[in-house]
There are 2 protein chains.
Amino acid sequence: MSQSPKQSAGSPAPTSADVARLAGVSRATVSYVLNNTAAVRISEPTRRRVREAAEELGYVPHAAARSLRAGHSRMVLLPTAHVPVGPLYSRFFNELQWALRSLDYTVVQYGSVGMDADEAARAWAELRPVAVVSLGHVELTPTGVELLRRSGAKAVITVGPQQVEGTHALVMDQTRVGRLAGAHLVERGRRRLGVVMPGEPGLEVFSVPRLEGVRAAAEAAGATVVPLSLRYEEEPAGALAARWRDLDLDGVFGYNDEYAMLLMRALQDAGIAVPEETAVVGSDDLVVGRLLRPRLSTVHIDMVGGGELAELVDRVVREPDTAPERHERLDSYVVHRESS
Amino acid sequence: MSQSPKQSAGSPAPTSADVARLAGVSRATVSYVLNNTAAVRISEPTRRRVREAAEELGYVPHAAARSLRAGHSRMVLLPTAHVPVGPLYSRFFNELQWALRSLDYTVVQYGSVGMDADEAARAWAELRPVAVVSLGHVELTPTGVELLRRSGAKAVITVGPQQVEGTHALVMDQTRVGRLAGAHLVERGRRRLGVVMPGEPGLEVFSVPRLEGVRAAAEAAGATVVPLSLRYEEEPAGALAARWRDLDLDGVFGYNDEYAMLLMRALQDAGIAVPEETAVVGSDDLVVGRLLRPRLSTVHIDMVGGGELAELVDRVVREPDTAPERHERLDSYVVHRESS
DNA sequence: TTGAAAGCGCTACCAG
DNA sequence: CTGGTAGCGCTTTCAA
C-alpha cells in the first residue's frame with residue numbers, strides 16, 4: 001500500500017483510475033463522487049471510500065484532461081507585456097482577478113514580451129481560453145481576434161485607448177486626460193505648454209493620446225505645445241531643466257505624477273519658480289504628489305472597477321452573440337493644488 | 001457534417017483531423033509536418049499541402065491535448081495574490097518572464113487571492129505545471145509542496161523571506177534590511193526608534209522581519225524600538241505626527257520609501273525637524289525619495305535578477321533530484337542622504 | 001513515405 | 001445505484 005509518500009521524482013501523479021482501484025469502484029463512480037454529480041445517486045459508504053482513497057493518494061484532477069473532455073475551459077487569459085507599474089493599475093488588476101475568481105473563472109496572466117501581435121494571439125489561442133481580456137499592452141489585430149474566436153474564445157475584450165474591431169471594448173480615453181490638463185493650464189493663463197513624453201518604451205499607448213489631448217485644448221485657446229522627451233532619472237531631468245529658459249515655456253503637463261514630480265524638482269533646483277514661472281500638472285493623483293512643495297496639481301483618473309469588467313466578461317461569455325459594445329468608462333477631473 | 005466554416009460562434013475550432021482531411025493526408029502526417037519531426041522524412045509537396053491547409057483553416061494546436069499526450073508541460077506557474085506595486089518588483093517580474101520565455105517555458109501568472117495555502121496548492125497542481133515559482137505572497141506549506149511534487153512539478157522554488165521545507169529557495173533576507181536601517185540610525189546617535197508597520201494587509205511577510213532586524217540592531221546598542229502602525233494615507237500620518245512628541249522618538253524606519261516619505265512630510269508639517277529632532281530612513285531607494293527635502297535616506301535593495309532565477313528554474317527542471325538549495329541573494333546597503 | 005491505431009486522464013452516456 | 005465505454009485532440013510507435 002502506498003501510504004508513505006515517497007515519490008520524489010519517478011512516480012507519476014495518481015489518476016482517477018488509481019483512486020478507483022484503491023476504492024474498489026469504477027472510474028465513473030470516482031468521477032461522480034468527486035464532482036458531486038447531481039444526476040446520479042451514490043451510496044454514502046461508497047462516497048466515503050472514494051473520498052478516502054483520493055485523499056490517501058493525494059489525487060488532484062488533471063485540468064487539461066478535464067477541459068479537453070469538456071470541450072471548453074473557464075480560463076480567462078490576461079495578456080501582459082510590461083507589467084505597468086503604479087497603484088492605479090495594480091488595484092484594478094487585483095480587483096479584476098478577485099471578481100473573476102468569485103465568478104468561478106480561472107484567471108491566467110500570460111506574459112507575452114517581445115511577440116508581435118499575431119504571434120501572441122496564436123500563443124494565447126493554443127490555451128483555448130474562454131475569454132481574453134487584453135489590457136492594451138500587447139497589440140491585438142482584427143486577424144488575431146478572429147483567430148481567438150475560432151479557437152473557442154467566447155469573449156474578447158480590450159481595455160485601452162482604442163477599440164479593436166470585433167471586440168467588446170472598455171475604452172479609456174487617454175485623450176481626455178491630456179485635454180483636461182491642457183485646458184487647466186490654459187485656464188491658468190499659460191500659453192506655451194510643454195508635454196513630457198516618457199523615454200521608456202511601452203508607454204506610447206498612453207503618452208501619444210495624452211499629447212493629442214493637450215494639443216486639442218491648446219489649439220482651441222491659441223496656445224502652443226512642445227513635446228519633451230524625458231527618461232525617468234534625475235540626470236535627464238536636470239538636463240532638461242538646464243535648457244528650460246531657452247524652451248520658453250510657462251506650463252507643462254508631466255505625463256503623470258511621477259514624471260511631473262521629477263521635472264518639477266529639477267526645475268526648482270535650476271531656480272525656476274513653480275508655479276510662477278512655469279506651472280506643472282501631472283496625472284494619477286498619487287499620494288506622493290501631495291508630499292512635495294508646492295503640492296502637485298494633477299488629473300485624477302477614475303479607472304473602471306475590476307468588478308464591472310468582470311461582469312462584462314461573464315455576460316459576454318454567457319451571451320457570446322451580443323454585438324461588440326463600446327463602453328466608455330474613464331471619469332477624470334483636475335485636482336488643482338499649488339503647482340499650477 | 002460541418003462543411004462550410006461559419007466561424008462566427010457555433011463552429012468548433014479546427015483540429016488536426018480537419019487539416020488532414022483538407023490536405024488529403026493522415027493526422028499523423030499533419031503532426032509530423034507541423035512539428036518538423038526530424039525522425040521522419042516527408043516529401044516537400046506534401047509538406048506544402050499540409051501547411052497551406054493549416055493556414056487556410058486557421059489551425060492552432062490544442063495545448064491541453066498536446067501536453068496530455070506528452071505527459072508533461074512546459075508551464076511555469078507564478079502564483080500571485082496581491083500584485084506588489086513598485087518598480088523593483090515589476091522589473092524583477094518582467095525580467096523573469098522574459099528569461100523563462102527565452103528558455104521556451106510558458107509563463108503563467110496565477111492569481112490566488114483569498115485562498116488558503118493548501119487550497120491554493122491544489123488549484124495550482126490541477127494545471128500540472130513543470131515548475132512553480134512562489135514569490136511569497138501566497139503561503140506555501142510543506143504539504144502543499146508535496147502535493148505539487150506528486151502532481152509532476154519538477155521544481156518548486158520559493159522567493160521570499162524564509163525557505164519552505166522541500167523547496168529550492170531564493171531567500172531575500174528582509175531582516176537584513178531592518179538591521180541595516182537600525183544600525184544606521186544607531187550610528188547616527190539615535191536611541192529611541194520607531195518602526196512603521198503598514199496597515200495594509202499582505203505586507204507582513206516583509207514588515208515583520210524588517211522590524212525584527214531593527215530590533216536586533218537596536219538591542220545590540222541599547223536602543224529601544226516601538227512599532228507604529230500606519231495606513232498609507234495622509235490622515236493617519238497626520239494623526240501619528242500629532243502625537244509624535246508623546247512617543248518621544250528620535251529616529252524612525254519607515255518600512256519603505258513611500259511610507260517614510262508620507263511620515264516625514266507629516267512630521268515636518270507638525271513642526272518636527274527632520275533629521276534634527278527625528279531621523280527618517282526608508283527602503284527601496286525610489287527616485288521620488290530624492291525629490292523631497294531633505295532627501296530621504298534609504299536602504300537600497302539589490303534584488304536577484306530575473307535571469308538568474310530563470311536559470312535556476314531551468315536547472316532544477318532538468319535535474320529534479322538535486323537537493324533543495326538555499327541561495328542567498330539580497331545585497332542591500334544604506335544610502336545616506338539628508339533625512340538621517 | 002505515409003497511415004492505422006493506441007492511449008494520455010477525464011466525463012457523460014447507456015446498460016445492467 | 002454502479003460499471004463499461006466512447007471519445008475530446010494530440011503524438012508516436014508499428015506496419016504497410
Tell me whether the OP1 or OP2 atom of [N] has a side-chain N or O from [X] closer than 4.0 Å.
{"X": "B/S43", "N": "C/dT1", "result": "no"}
{"X": "A/S26", "N": "D/dG4", "result": "no"}
{"X": "A/S16", "N": "C/dC10", "result": "yes"}

ask   = Under the side-chain contact (heavy atoms from CB on, under 4.5 Å) test, which residues partner A/T15, sequence neighbours left out?
value = A/A17, A/D18
What integer distance in Å separates [X]:[atom1] from [N]:[atom2]?
{"X": "B/I42", "N": "C/dG3", "atom1": "CD1", "atom2": "P", "answer": "8 Å"}
{"X": "A/R21", "N": "C/dC10", "atom1": "CZ", "atom2": "P", "answer": "12 Å"}
{"X": "A/E126", "N": "D/dG9", "atom1": "CD", "atom2": "P", "answer": "15 Å"}
{"X": "B/R128", "N": "C/dC8", "atom1": "CZ", "atom2": "C1'", "answer": "12 Å"}
{"X": "A/D18", "N": "C/dG9", "atom1": "CG", "atom2": "P", "answer": "8 Å"}
{"X": "A/L34", "N": "C/dA12", "atom1": "CG", "atom2": "C1'", "answer": "16 Å"}
{"X": "A/R27", "N": "D/dC8", "atom1": "CZ", "atom2": "P", "answer": "16 Å"}
{"X": "A/R150", "N": "D/dG9", "atom1": "CZ", "atom2": "C1'", "answer": "17 Å"}

query = Of all of residues 58-77 of chain A, which get a heavy atom below 4.0 angstrom from DNA chain C, listed by number?
reply = A/Y59, A/P61, A/H62, A/A65, A/R66, A/R69
task = For the side chain of A/T15, starting at C-beta, report the closest nucleotide among C/dC10, D/dT12, D/dG3.
result =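 Nearest listed nucleotide: C/dC10.
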query = C/dT2, D/dT2, D/dC1: which one has an atom nearest the side-chain heavy atoms of A/R41?
reply = D/dC1
query = A/L77 versus A/L148: any side-chain heavy-atom pair under 4.5 Å?
reply = no
Just the table, please: protein N/O against nucleotides 13-16 of chain C N/O, every pair under 3.5 Å.
| unit_1 | atom_1 | unit_2 | atom_2 | d |
| --- | --- | --- | --- | --- |
| C/dC13 | N4 | A/Y32 | OH | 2.2 |

request  = Can you sort out the partners of A/E325 under salt bridge (charged side-chain N to carboxylate O under 4.0 Å, His left out), two or more places apart, ordered by chain and number?
outcome  =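 If we apply the salt bridge (charged side-chain N to carboxylate O under 4.0 Å, His left out) test to A/E325, skipping adjacent residues, the hits are A/R315.
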key: Terminal helix-axis angle for the helix from C/dT1-D/dA16 to C/dG16-D/dC1, with five pairs defining each axis and rounding to 10 degrees   =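 Here the helix ends are tilted 50° relative to one another.
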ask   = Can you name the one residue among A/D314, A/I157, A/L100 that meets side-chain contact (heavy atoms from CB on, under 4.5 Å) with A/L309?
value = A/I157
key: side-chain hydrogen bond (donor to acceptor under 3.5 Å, both in side chains) contacts touching residues 46-56 of chain B (sequence neighbours left out)   = B/N36-B/R51, B/S43-B/T46
query = About how many Å separate CZ of A/R66 and CD of B/E126, when rounded to the nearest 0.5 Å?
reply = 5.5 Å
